[in-house]
Protein chains: 2
Amino acid sequence: MAGEIGVIVLFSCCLAIAICNVQQQYREKGRSVAVTQTSGMPWPMPKQMTVTTIQRILDVGSFQFLVSSSTQRCDIIDEAFVRYRKYIFGNDDRTLKFKTNRKPRHGSIDQEAYLDTLQINIASGCDGYPSEESNEAYTLMISQDASTATINANEVWGALRGLETFSQLVYQNDMGLAVINATIINDAPRFQHRGLLLDTSRHFLSLDILKENLELMAQNKFNVFHWHIVDDQSFPYESYYFPDMSRKGAYSVRHVYTHSDVKEIIEFARVRGIRVIPEYDSPGHSQSWGLAITNLLTKCYKDGQLSGDFGPIDPSVNSTFQFLQNFFLEISQVFPDKFIHLGGDEVPFDCWESNPDITSFMTMMGYGKNYALLEEYYMQRLIDIVQGLNKGYMIWQEVIDNGAKVAPDTIVHIWKGGYQDELTKVTKLGYNAVLSAPWYLNYISYGSDWRNYYQVEPLNFNGTDAQKALVIGGETCMWGEYVDNTNLIPRMWPRAASVGERLWSPMEVNSADAATSRLEEHRCRLLKRGFPVQPVNGPGFCSVEL
Amino acid sequence: MAGEIGVIVLFSCCLAIAICNVQQQYREKGRSVAVTQTSGMPWPMPKQMTVTTIQRILDVGSFQFLVSSSTQRCDIIDEAFVRYRKYIFGNDDRTLKFKTNRKPRHGSIDQEAYLDTLQINIASGCDGYPSEESNEAYTLMISQDASTATINANEVWGALRGLETFSQLVYQNDMGLAVINATIINDAPRFQHRGLLLDTSRHFLSLDILKENLELMAQNKFNVFHWHIVDDQSFPYESYYFPDMSRKGAYSVRHVYTHSDVKEIIEFARVRGIRVIPEYDSPGHSQSWGLAITNLLTKCYKDGQLSGDFGPIDPSVNSTFQFLQNFFLEISQVFPDKFIHLGGDEVPFDCWESNPDITSFMTMMGYGKNYALLEEYYMQRLIDIVQGLNKGYMIWQEVIDNGAKVAPDTIVHIWKGGYQDELTKVTKLGYNAVLSAPWYLNYISYGSDWRNYYQVEPLNFNGTDAQKALVIGGETCMWGEYVDNTNLIPRMWPRAASVGERLWSPMEVNSADAATSRLEEHRCRLLKRGFPVQPVNGPGFCSVEL
């Protein structure tokens, strides 16, 4: 393969100079419909990358990861070294196996061909949590002759991204050796907020599956796990202050995230540079809350009688806001991230309309029959509570659509059709926006649908530069109606990778045709690492199958 | 739960007396959209079933499977006893766990409440392979007081189906005991041919996945594994006579079914009452054959020159038929089933049209420009070869559509739209028909698409009773373009179960609404047994998740 790789790939934020996939045609005849793969190309594509044809060899026995003497060492880096050694060299039957490339003392292979060390230099400290202000930029230098490759980053979060890229550049050459081409990369994400939503209410997801997904997020440079942890159907979150909420609201005692489970997920995400933003959606989508919290939900009436059904949270009584104050105090303490997602979508009005106490409250407040004002009143009080806890918040777009006045730093989450007009509107009002509408991966269809997700341009809407700067990123969503432990991972991946590249790579990296062979390599790479990620490009194979 | 089960379910081939799902509403409030489950209801529904409310208890320590003294014992039954003990009582963390129901010597539970034994009576022998004439009928009697339940069957294949049903009737009652309701079942399949197609050419499937799928087929009473083993993209079958076909035609040396692999699959299927019908599709879909067999494929021309591309198998040279004679001699010996699937679909004519030797042959044969006649000529000679090997054969519908005259016992496989008209046509010509067109599970879509497959009535076409009697069954197909080891099982199951019930159960068992809760129980049952089968009915949970 060595002689065939002779490409320079170079992007800047403003200009794509060249796209050239290193294609490996496995067989000349009878394979016209089987997809080809690149070798040692990264996903998502870095901002700037220069690749040479010079292959450096990695010796499984002696290759080492180091931190520079000026760099603070911490568990984040230590754990990353363990992971990436495994991903580069393999450690069990299901992962990548290279020949043991023992470096010869004398022999035919030039000593200079070997790359011995990857050294990490981090300018600032190494502790803490990733945040909305994390710096994930890094440079990576694998020179043609130096025995040490280098990753430079201002923060540990950038070093993590650089390690992932480095691991992806390694491939197996024609002689079965683990090699990496001399390469220079200067990389940083296009969007700060690159999220993935999982819904653990419609179906429960085990800790193992949540971790597997976090691991795959890191390998695709996602940095926000939006945990839609509860909803109408079940309440798997074990609350410290209100333990009855999961006792009565979870599907069963086995369908609960305990205190330690939640801590474990947050820590697992942290060391991979992933923030955990929990969503406690209200005042709708909260049927399961009412199983434990008396008088929280609105009692519905039918023909002047209590129907036995419940509606959204009841904003007409003070006990509601006392509960919310306590509940979100807990949430603000359990989840270290600055942001909480407050939901606010799909609030039905019919139950509110049926309830005489709500009607009286509406009259008292002068709302007439405008239930959107009642919804706004609820959201405003909830937002005030959360602001009082010194937290930022995300909300679904309806809150803005219904006219609530929210704090200037509110992040509005756009999930519905006509999203381009919505982006125009929300950014015109000066709010930050996160886009999800075109990236609902739960909606499956036959064939290579990743191409549709890939071709979405988040800034393709009418607006000024200032408005476009308010789009801080996007999230791909896997709502849980039809996924659980059995099918989440293969259904999510590598389809989500297309969103990962859209949010990380320069705008100009936007050709699905050009990306296909590289995505195919990426799919096989994830498979080699032991993850059951499904085929997405029609007939083909990976050299190592699961 | 005991008091709530008070239903009689009774079907005959002609009349549905009652359908009543035993629904368990897990929670009264906040669960309106989470699907409910039956308890101890079988899938597919037997022909006749009478269920009482009397619960018999199964003691994990003392429960035994026996064969009657007059029954020949064989490995099929011995292995089935091991499997079903595991499925009923569980044997590892991922499978069904009941409390250890130690039968008390004295105590509060009546000794008569225990069911000690399941005895199998088989009238005929126990050896051999399942065939197109296998008798799968059985009766199952679990009485209100006898300590022994009984399965009576004429053939071992019926006993296997009865064991599966028995295992499905066992459930966990409110006290955590493994119980089975006193029940009488008289069961037999509606259609003889109940198949499932896997395609191992577009993506390779490991032996483990093929076995897992066979195991799930048995648990859904399928009896034909249609192995679409090779196609254009790859040739994973290791031939005895032509070993170069996989050496050159497989994706790699790791993507091959060796001689022993094929034997292993056939045996694994046999002991579960499943026939293996291999498909070697020609003259189209055979690009990978040509990588090893010189001059087999038609050489294509462009502008009067060889283009380097190849078309369908070349019917104009005798060497083609010499090869086919030898190749299918091998296939007829390797696969014990009476039937081989010969393909014959989607033959493109453009390469044939471009080739001057083919043109000469067409002229010599007096075919003019009618390439369908050339196709018919090929298929006729291939069929003659296979008939000479004393094998029956299946063909895709195009062979008939193109006017080939085939033997009266030919099975025509219908896969294209407008299948009702095709059924009318094919059966009017007197051929047996197998239906697949509405059951292509590779075409995925969002939501509960099993309902669409479930509601297909194979005999809903214009034809006489004699014509309808020629429809011997159907096959659900999972073409391999977008599935491999990573996603085959969850994508296939339990969606394929809906086809399984349509082909096994009486015509009148056809309400998807009525089937939903029972399918939900079935899904959770397969999950408890350790298989990653996906959710298909929206939000919900299983008591044991994977």
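Per chain, numbering begins at 1; letters A, B, ... match sequence-line order. Keep in mind that the numbers below use all heavy atoms, side chains included, and drop hydrogens, waters and symmetry copies.
- Residue contact with chain A, scored on non-hydrogen atoms closer than 4.5 Å, is absent for B/Asp231.
- Neither the backbone nor the side chain of B/Ser286 comes within less than 4.5 Å of any heavy atom in chain A.
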Item to check | side chain to side chain contact (heavy atoms under 4.5 Å, CB included) between A/Gln534 and A/Arg495, intermediate numbers included | outcome: CA-CA 9 Å; A/Gln534 72 183 14; A/Arg495 293 163 73 225; 3.6 Å; yes

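- Within the 4.5 Å cutoff, the side chain of B/Thr200 has heavy atoms near those of the B/Leu210 side chain.
- Within the 4.5 angstrom heavy-atom criterion, only side-chain atoms of B/Asn485, from C-beta onward, approach chain A.
- No salt bridge links B/Lys211 with B/Glu215; every basic N to acidic carboxylate O contact stays at or beyond 4.0 Å.
- For A/Ser448, the parts lying near chain B are the backbone and the side chain together; criterion is any non-hydrogen pair under 4.5 Å.
- Options B/Gly447, B/Pro490, B/Gly290, B/Gly480 differ in how many heavy-atom pairs under 4.5 Å they form with chain A, and the most are formed by B/Gly447.
- Only the side chain of A/His255 comes within less than 4.5 Å of a heavy atom in chain B; its backbone stays farther off.
- Paired with A/Tyr237 under the rule ring-ring contact (aromatic ring centres under 6.0 Å, His included), one option of A/Trp289, A/Tyr257, A/Tyr280 passes, and it is A/Tyr280.
- Listed by chain and residue number, A/Tyr440, B/Tyr446 satisfy the side-chain contact (heavy atoms from CB on, under 4.5 Å) test with A/Tyr443 (two or more places apart in sequence, or in another chain).
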